[in-house]
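Here's the structure we're looking at; comments come further down.
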Amino acid sequence: MTITDWPRTAAEPDPDTSAPAAVSGTPQPVSRTPGTVSDTPEFVSETESGTGTDASPAKLTGTQKWTTGAIVIAALALAGIGLYLSFEHVADFAYKELRFGSLGKGQLFAVGVDVGIMVMIAVDLLMAWLKRPISWIRYPVWLLTAATVVLNAASGAPEGAWKLLDYVAAGAHGVVPVLFITVVELGRDAIDRVVRPEQVERDSIPWLRWILAPVATARIFRRMRLWGVTSYPEMIRRDQQLIAYEQWLKRKYKGDISQASEDELLPMKMAPYGYTVDQALAMPDEQEQAAQERAEEAERRRLDAETRSEVAKAESEAERLRAKGKVEAVRAEVDGQTGQARAHARAQVSAAERAAALEQEALDQAVIAEARAREAEAERKEADEREAKAAADLRAAELERHAAEKRKEAADADRVAAAEAQAIETQAIAEAREAAAEANRRAAETERAAAETQRATAEAARKKAEEERLAKVALADAARAETEAAEAERAAAETRRAAAEIERRAVEAEDVAKLKPRERAVRKVARMILATGGEADRVPLADIQHELAVTSPGTASEYRQEAAELLAGGYRP
């Protein structure tokens, strides 16, 4: 025979009986297994009072309703009789013996006690009907009812020595209140059974047992109340089971139970705490199973904690990497913007340098143009001198022509004179003179032709000189225009150089101030506005788009508006 093969008793277990209820000051059972360990047939206890656990029908019949109504009317009549009988006695006793001052105050006291009792009874019955009973409310009702009984009995107490009839009379004053409270408790239990038919009823211990074994019965009653055992046969079965197990141990160890192991002695040790023999014997296995479950749960929690820790670490690392990536992205963006600003500044400096170089080249070209203008002026003066010389030659040729004409006239005069003297001179002399005159005439004609040729040459030279003078004047004008253009270009180059210098200093100041790209752009537009005279509307949006490399005219307009506001605020580069 093993340790679990101990003899069964005649009483069968109650499967509806749960594990012992928790009571303050006692340890909680470790086992989580519901019900009893052994499989036993169903057993339903019946109390000796004749009330069973079967639920009553949900609805009352007509006869039952009339009976209930009659009972309620009778209970109310009993309450009225009790109030009527106790009112006058309690009021008079309160006035005379309790020093309430007047009979009216004594009557108010009696009415207050009776009304308080009725109110608490009504609340108790109502809450029971609503399935929310208040268990402690009956105790004030009992206390006030006991006070009413005492006051009624005291009002009928004799002034001298007590006789038997006096005790009977005093007791008679308390019969109706006690009867009324009994009826109320009966009604409360009836209502509780009607509205809560599923509630487990508590068996009562037979009165015969109280008489035959009062001490053992008191122990059974105590354990039933402590451990929430509602079935009296179940409590008897537990005692029988424990006694049978103890006897089996004595037989096993030949009367010396001290030789039993700790596990075998558990039913006797745990019986005061409401454990059955089966539950006590199952405790070691349950404890081991519970310990194993706790260890598994602890291991699972540890693994979960490690997993959560690893997940948290991974998330933290991922968050750190994301933050680092954001920082790197921001740094790259800032570096890119700074590099772009620096490249822009370098481009502006390079543009300024190129503008300075172009300005120097323009200055050089202006010097060359000025030298050419001076050379053209010198050539013009030389042409004027040649023209004057040609005019002088022309006047000399004219004088020569006049002289030739004079000589011709003289030759004609000589010819006339020769003709006149022809009569006188001989033919030879006349012919000689005629030949000489012809020769003179031819010479004069030749001289005249030479003078005409010289005059034509002088006229051609004069015209050529005039053309050369006009060409030199045109060249001088072109040189002057080139000089003026070179001067204007030099002034523009100087302006661009100054603007480039201002732009360079502004960019360096912006680099030192570590301005954002938008602030740099706004300041650049402000400088463009200043370069055009300080009026924002004179700066075209296309120029702003070209300078800032933006595609949206709206953005360029915003930049121009912000630049105008910045200039209005006193910004000067």
Q) Just by modelled atom types, is the T276 backbone N or O under 3.5 Å from a matching donor or acceptor in the Q279 side chain? A) yes
**Q.** Spatial distance of atom CG (L126) from atom CD1 (I121) [nearest 0.5 Å]
**A.** 13.5 Å
Q.
Looking at every heavy atom in both R520 and L515, which two are closest together, and how far apart are they?
A. NE-O, 3.3 Å
(Q) Can you give me the closest heavy-atom contact between M270 and A280, atom names plus distance? (A) CB-CB, 4.2 Å
Q. If you look at every heavy atom in P272 and W227, which pair is closest and at what distance?
A. O-CZ2, 2.9 Å
Q. For T217 and R209, does a side-chain donor sit closer than 3.5 Å to a side-chain acceptor?
A. yes
**Q.** For D256, side chain to side chain donor-acceptor pair (under 3.5 Å) partners two or more places apart
**A.** S258, Q259
Q: Specify the closest pair of heavy atoms between A526 and A563, including all atoms of both residues, with the distance to one decimal.
A: N-CB, 3.5 Å
(Q) What's the separation between atom CE in M283 and atom CD in E288, rounded to the nearest 0.5 Å? (A) 11.5 Å
Q. Going by heavy atoms in the side chains, are L144 and M120 under 4.5 Å from each other?
A. yes
**Q.** Approximate separation, where rounding is to 0.5 Å, of E262 CD and L265 CG
**A.** 6.0 Å
(Q) Using modelled atom types and a 3.5 Å cut-off, is there a donor and acceptor pairing between side-chain atoms of T67 and backbone atoms of T63? (A) yes
Q. Are side-chain heavy atoms of L281 and E264 found at a separation under 4.5 Å?
A. no
Q. Roughly how far, to the nearest 0.5 Å, is the CG atom of L226 from the CZ atom of F221?
A. 10.0 Å
(Q) Pair I257, K252 - check side-chain contact (heavy atoms from CB on, under 4.5 Å), show working. (A) CA-CA 9 Å; I257 301 181; K252 179 179 179 181; over 6 Å; no
Q. Are E319 and K313 within salt-bridge range, i.e. N to O under 4.0 Å?
A. no
Q: Please step through side-chain contact (heavy atoms from CB on, under 4.5 Å) for the pair V327 and V330, ending with a clear verdict.
A: CA-CA 5 Å; V327 171; V330 172; 5.7 Å; no
Q: Grab the two heavy atoms, one from V550 and one from A556, that are nearest each other, plus how far apart they are.
A: CG2-CB, 4.4 Å
Q) Got a second to check how far W248's CH2 is from Y253's OH, nearest 0.5 Å? A) 7.0 Å
Q. Do I205 and M235 come close enough that some side-chain heavy atom pair is under 4.5 Å?
A. no
Q) Looking at side-chain heavy atoms only, is the closest gap between I220 and R223 below 4.5 Å? A) yes
Q. To the nearest 0.5 Å, what is the distance between CD (Q545) and OG1 (T551)?
A. 7.5 Å
Q) Does any donor atom in the side chain of Y275 or R238 lie under 3.5 Å from an acceptor atom in the other side chain? A) no
Q) If you draw a 6.0 Å radius around CZ in R219, do more than 12 non-hydrogen atoms from other residues or ligands fall strictly inside? A) no
Q. Mind checking whether Y139 and W142 have parallel, tilted or perpendicular rings, split at 30° and 60°?
A. perpendicular
Q: Decide yes or no for Q289 and E293: does some side-chain heavy atom of the first lie under 4.5 Å from some side-chain heavy atom of the second?
A: yes
Q.
For K524 and E519: C-alpha separation, side-chain torsions, deciding distance, then whether salt bridge (charged side-chain N to carboxylate O under 4.0 Å, His left out) applies.
A. CA-CA 9 Å; K524 183 172 180 64; E519 295 175 345; over 6 Å; no
Side-chain polar contacts of residues 297-306 - donor-acceptor pairs under 3.5 angstrom, sequence neighbours left out - could you list them?
{"from": "E297", "atom 1": "OE1", "to": "R300", "atom 2": "NE", "distance (Å)": "3.3"}
{"from": "E297", "atom 1": "OE1", "to": "R300", "atom 2": "NH2", "distance (Å)": "3.2"}
{"from": "E297", "atom 1": "OE2", "to": "R300", "atom 2": "NH2", "distance (Å)": "2.2"}
{"from": "E299", "atom 1": "OE1", "to": "R302", "atom 2": "NE", "distance (Å)": "3.3"}
{"from": "E299", "atom 1": "OE1", "to": "R302", "atom 2": "NH2", "distance (Å)": "3.4"}
{"from": "E299", "atom 1": "OE2", "to": "R302", "atom 2": "NH2", "distance (Å)": "2.3"}
{"from": "R300", "atom 1": "NH1", "to": "D304", "atom 2": "OD2", "distance (Å)": "2.9"}
{"from": "R302", "atom 1": "NH1", "to": "E306", "atom 2": "OE2", "distance (Å)": "2.3"}

Q) What are the two closest non-hydrogen atoms of A271 and L242, and how far apart are they? A) CB-CD2, 3.5 Å
Q. More than 12 foreign heavy atoms under 6.0 Å from CH2 of W129: is that the case here?
A. no
